[in-house]
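Here the structure is a predicted model, which is why all the values come from computation and not from measurement.
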Amino acid sequence: MDPNPSTVADTSTIESPGQSEPALLESSSPGPVAAGPGRVVLAATPIGNTGDASARLIGLLATADIVAAEDTRRLHRLVQSLGVTVGGRIISYHEHNEATKTAELLDQVKAGKTLVMVTDAGMPSVSDPGFRLVEGAVAAGLTVTAIPGPSAVLTALALSGLPTDRFCFEGFLPRKAGERATRLADLAAEQRTMVFFEAPHRLESMLRALRERFGSDRRIAVCRELTKTYEEVIRGSVGELLLWAEGNEVRGEIAVVLAGAPDQAPGTPEDYVEAVNELVARGIRLKEAVAAVAEDVRVSKRELYSAVLAAR
């Protein structure tokens with residue numbers, strides 16, 4: 001792929017280091033899992049470069065009683081590249097069988113087993129399977145812990161060049177244009193930096209939707225193939241990156257980081273009547289819509305309610 005980002009602010013490309021040597025993996029092993037009550041361990045896996053696998057991840061893959069994997073084929077490729085042998089039972093656990101598999105897995109934890117949950121990349125339960133497992137374990141009073149590690153969300157945020165002190169993660173936007181427009185309308189006043197995931201073949205339509213909602217000048221970064229050989233971070237305005245996407249075949253894993261809304265002078269209740277009416281049109285009760293908008297824009301609920309009634 002030739003990114004040719006001539007219209008954007010800047011790009012960056014790195015080469016990933018080679019795989020870790022087996023000797024390094026052996027010397028960094030944390031040793032066997034201590035005997036005791038069962039537990040659920042959410043284990044972060046590399047998001048591209050296998051050299052980012054932690055010593056704790058390697059140790060638990062070798063010693064855990066059960067490894068629940070989003071994709072067992074990817075797990076096998078990972079452990080082969082790490083030079084580690086999974087010592088326990090491997091179970092497929094993904095969004096299509098979470099509802100039926102969770103109780104079975106938790107029964108094993110209740111019996112004293114150590115269960116490690118891994119997904120295809122990054123931290124389980126963050127835009128990946130794992131939430132049901134954690135929810136069930138917490139409800140059952142079981143121990144849940146994590147092995148932190150690579151995160152596409154935090155990596156993209158850190159590399160974006162946008163403010164990092166306050167941010168929110170929005171995952172994938174809806175595929176349907178109408179649902180996507182509704183979600184973006186909800187984010188119209190969001191002042192925190194926003195992080196999204198997107199499929200490469202939908203990036204162009206996403207950027208076009210962002211331009212329609214937030215304008216061409218809003219700052220943005222598209223992060224592609226993070227930690228991999230062809231890592232690329234493209235920074236600029238929404239309009240600039242839309243032109244780039246229109247002129248290039250975008251490939252790879254994509255994270256999009258969008259600047260939050262600029263600070264605005266406090267408005268009057270009358271300025272937010274339309275926002276309330278938009279929520280009401282979507283089926284939200286008037287009082288609830290007024291309360292939501294008033295909290296977001298920091299105006300009096302009573303005055304906003306009166307302004308809405310007066311405008312009818």
Side-chain angles (χ1 to χ4, degrees), residues 16-17 19-20 25 40-62 64 66-102 105 115-135 137 144-159 169-173 175 195-203 206 222-232 250-257:
S16 298
Q19 294 180 358
S20 302
L25 297 182
V40 174
V41 184
L42 302 179
T45 54
I47 60 176
N49 189 322
T50 55
D52 294 333
S54 71
R56 292 181 64 201
L57 169 66
I58 294 167
L60 270 180
L61 287 175
I66 303 169
V67 177
E70 179 182 9
D71 187 329
T72 57
R73 294 167 300 178
R74 290 201 180 193
L75 173 63
H76 284 301
R77 288 197 294 269
L78 174 64
V79 297
Q80 284 179 345
S81 66
L82 295 176
V84 62
T85 300
V86 176
R89 179 185 174 196
I90 298 175
I91 295 179
S92 177
Y93 185 76
H94 47 74
E95 62 178 335
H96 302 296
N97 69 3
E98 279 183 300
T100 57
K101 287 279 188 180
T102 298
L105 292 176
L115 167 66
V116 175
M117 170 76 207
V118 295
T119 55
D120 293 345
M123 177 61 72
S125 81
V126 180
S127 197
D128 268 333
F131 170 72
R132 285 181 182 269
L133 189 64
V134 174
E135 181 183 42
V144 183
T145 187
I147 297 177
S151 165
V153 177
L154 295 181
T155 302
L157 177 68
L159 293 177
F169 174 56
E170 289 294 324
F172 287 91
L173 289 173
R175 297 184 183 186
V195 183
F196 304 88
F197 287 161
E198 190 52 277
H201 63 280
R202 292 197 296 268
L203 179 63
M206 176 196 185
V222 170
C223 305
R224 190 181 71 85
E225 294 289 85
L226 291 172
T227 78
K228 299 179 183 179
T229 300
Y230 298 104
E231 175 180 296
E232 184 176 34
V250 182
R251 297 179 180 177
E253 302 286 339
I254 303 291
V256 176
V257 188

Completion exercise
Closest non-hydrogen contact found for Pro46 with Leu57 is CD-CD2, 4.2 Å
Handout entry: Minimal non-hydrogen separation, Pro129 against Tyr93, with atom names
Key = CB-O, 4.4 Å
Problem - Donor-acceptor contact below 3.5 Å, side chain Glu70 vs main chain Asp120 - result: yes
Practice task
With rounding to the nearest 0.5 Å, note down the distance linking CG in Leu78 to OG1 in Thr72.
Solution key: 12.5 Å
Completion exercise
One should read off an interatomic distance between Thr85 OG1 and Gln80 CD, to the nearest 0.5 angstrom, of 9.5 Å
Problem - Glu253 atom CD, over 12 foreign heavy atoms within 6.0 Å - result: no
Problem - Between CD1 on residue Ile66 and CE on residue Met117, distance to nearest 0.5 Å - result: 12.5 Å
Problem - Euclidean distance, Leu105 CG relative to Arg132 CZ, rounded to 0.5 Å - result: 13.0 Å
Practice task
Indicate the atoms forming the closest heavy-atom contact of Gly130 with Ser125, along with that distance.
Solution key: C-CB, 3.8 Å
Handout entry: Side-chain (Arg224) to main-chain (Arg251) donor-acceptor, under 3.5 angstrom
Key = yes
Handout entry: Closest heavy-atom pair and its distance - Pro200, Val250
Key = CB-O, 3.3 Å
Handout entry: Rounded distance [0.5 Å steps], CG in Leu75 versus OG1 in Thr45
Key = 9.0 Å
Practice task
Please name all residues satisfying ring-ring contact (aromatic ring centres under 6.0 Å, His included) with Phe197, sequence neighbours left out, ordered by chain then number.
Solution key: Phe169, Phe172
Practice task
Output yes when a side-chain donor or acceptor of Ser127 lies under 3.5 Å from a complementary backbone atom of Gly171, and no otherwise.
Solution key: no
Can you give me every donor-acceptor pair (side chain of residues 150-158, partner residue at least two apart or in another chain, under 3.5 Å) with its distance?
unit_1, atom_1, unit_2, atom_2, d
Ser151, OG, Val153, N, 3.4
Ser151, OG, Leu154, N, 3.2
Thr155, OG1, Ser151, O, 2.7

Practice task
Without swapping roles, check the side chain of Thr102 against the backbone of Ala99 for a donor-acceptor pair under 3.5 Å.
Solution key: no
Exercise for the section: List the atom of Val118, the atom of Pro124, and the distance in Å for their closest heavy-atom pair. Expected result: CA-CG, 4.1 Å
Practice task
Could you tell me whether the side chain of Glu95 and the main chain of Asp128 form a donor-acceptor pair under 3.5 Å?
Solution key: no
Problem - Criterion side-chain contact (heavy atoms from CB on, under 4.5 Å) on Val256 and Leu203, from CA distance to verdict - result: CA-CA 9 Å; Val256 176; Leu203 179 63; 3.8 Å; yes
Practice task
Can you see which heavy atom on Thr119 is nearest to which on Met123, and at what distance?
Solution key: OG1-C, 4.3 Å
Problem - Leu159 and Glu231: CA distance, side-chain angles, deciding distance, side-chain contact (heavy atoms from CB on, under 4.5 Å) verdict - result: CA-CA 11 Å; Leu159 293 177; Glu231 175 180 296; 3.9 Å; yes
Practice task
Measure the CD1-CE distance between Ile254 and Met206 for me, rounded to the nearest 0.5 Å.
Solution key: 10.0 Å
